[in-house]
Student: 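Dropping the structure in here first, questions after.
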Amino acid sequence: MVRAELLRLRASAEAEAATLAQDLEALFTASRDSNADDEHDPEGATIGFERAQLTALLTAARERIAEVDDALRRVDTATYGVCERCGQPIARERLAVRPFARYCMACA
């Protein structure tokens, strides 16, 4: 059951990362094909800001994939749900909210 939830989270993060990567590439393409002055954009947000925001979201999605992969490895080695710092069990409530948690609340 834990593995299935982690795989679902991974698939969701992969889909999000793919969409963000496409959006970022579209933004790069649009800015290459345009001679707009993004510093004086009447819409308010600059192309640079949009690029930075998409890049940050893409980085976060990729980090989430890595966290889930690490949790899957812990499932395989029977160390899932055990705090990596103190060795105590991680509360079920914490794992329900953050299934890839590596630390108990006291150590987090």
Side-chain angles (χ1 to χ4, degrees):
M1 182 148 149
V2 170
R3 175 175 284 287
E5 175 64 14
L6 289 170
L7 290 172
R8 186 193 65 73
L9 284 172
R10 190 179 198 292
S12 175
E14 282 181 328
E16 181 183 1
T19 298
L20 289 166
Q22 288 173 346
D23 291 349
L24 189 58
E25 183 57 36
L27 182 63
F28 286 143
T29 300
S31 62
R32 275 193 302 267
D33 296 339
S34 171
N35 62 357
D37 178 7
D38 68 328
E39 286 187 38
H40 301 95
D41 183 358
E43 299 294 321
T46 66
I47 293 171
F49 173 79
E50 290 179 41
R51 187 174 31 236
Q53 186 177 30
L54 283 172
T55 300
L57 291 170
L58 179 56
T59 298
R62 288 177 175 160
E63 287 171 356
R64 198 165 34 256
I65 292 168
E67 287 177 328
V68 172
D69 285 346
D70 190 49
L72 286 165
R73 278 190 288 282
R74 290 193 307 275
V75 168
D76 291 342
T77 60
T79 58
Y80 179 82
V82 177
C83 178
E84 290 182 4
R85 188 163 291 138
C86 71
Q88 296 299 311
I90 299 171
R92 275 187 244 187
E93 296 84 7
R94 177 161 171 75
L95 290 171
V97 173
R98 189 175 175 88
F100 44 83
R102 296 172 45 204
Y103 304 109
C104 67
M105 284 301 296
C107 292

Student: Indicate every side-chain donor-acceptor pair of residues 52-65 with a distance under 3.5 Å to a residue at least two apart or in another chain.
Tutor:
from: Thr55; atom 1: OG1; to: Arg51; atom 2: O; distance (Å): 2.8
from: Thr59; atom 1: OG1; to: Thr55; atom 2: O; distance (Å): 2.9
from: Arg64; atom 1: NH2; to: Glu16; atom 2: OE1; distance (Å): 2.6

Student: Can you list the residues that meet the side chain to side chain contact (heavy atoms under 4.5 Å, CB included) rule with Thr79, with sequence neighbours excluded?
Tutor: Arg74, Thr77
Student: When you measure from the side chain of Thr29 to the backbone of Glu25, do you find a donor-acceptor pair of N or O atoms at a distance under 3.5 Å?
Tutor: yes
Student: Other hydrophobic cluster members with Val68, side-chain heavy atoms of Ile/Leu/Val/Met/Phe/Trp/Tyr under 4.5 Å, chained?
Tutor: Val2, Leu6, Leu7, Leu9, Leu72, Val75, Tyr80, Ile90, Leu95, Phe100
Student: What pairs with Glu84 under side-chain hydrogen bond (donor to acceptor under 3.5 Å, both in side chains), at least two apart in sequence or on another chain?
Tutor: Arg102
Student: Can you list the residues that meet the salt bridge (charged side-chain N to carboxylate O under 4.0 Å, His left out) rule with Asp69, with sequence neighbours excluded?
Tutor: Arg10
Student: State the CE-CZ distance between Met105 and Arg98, to the nearest 0.5 angstrom.
Tutor: 10.5 Å
Student: With sequence neighbours excluded, tell me which residues meet side-chain hydrogen bond (donor to acceptor under 3.5 Å, both in side chains) with Arg73.
Tutor: none
Student: Mind checking what makes side chain to side chain contact (heavy atoms under 4.5 Å, CB included) contact with Gln88, not counting sequence neighbours?
Tutor: Cys86
Student: Under the salt bridge (charged side-chain N to carboxylate O under 4.0 Å, His left out) rule, collect the residues that match up with Arg94, sequence neighbours excluded.
Tutor: none
Student: Minimum heavy-atom separation for Pro89 to Cys104, with atom names?
Tutor: O-CB, 4.3 Å
Student: Under the salt bridge (charged side-chain N to carboxylate O under 4.0 Å, His left out) test, which residues partner Arg85, sequence neighbours left out?
Tutor: none
Student: Cluster partners of Tyr103, using ILVMFWY side-chain heavy atoms under 4.5 angstrom, listed by chain and number?
Tutor: none
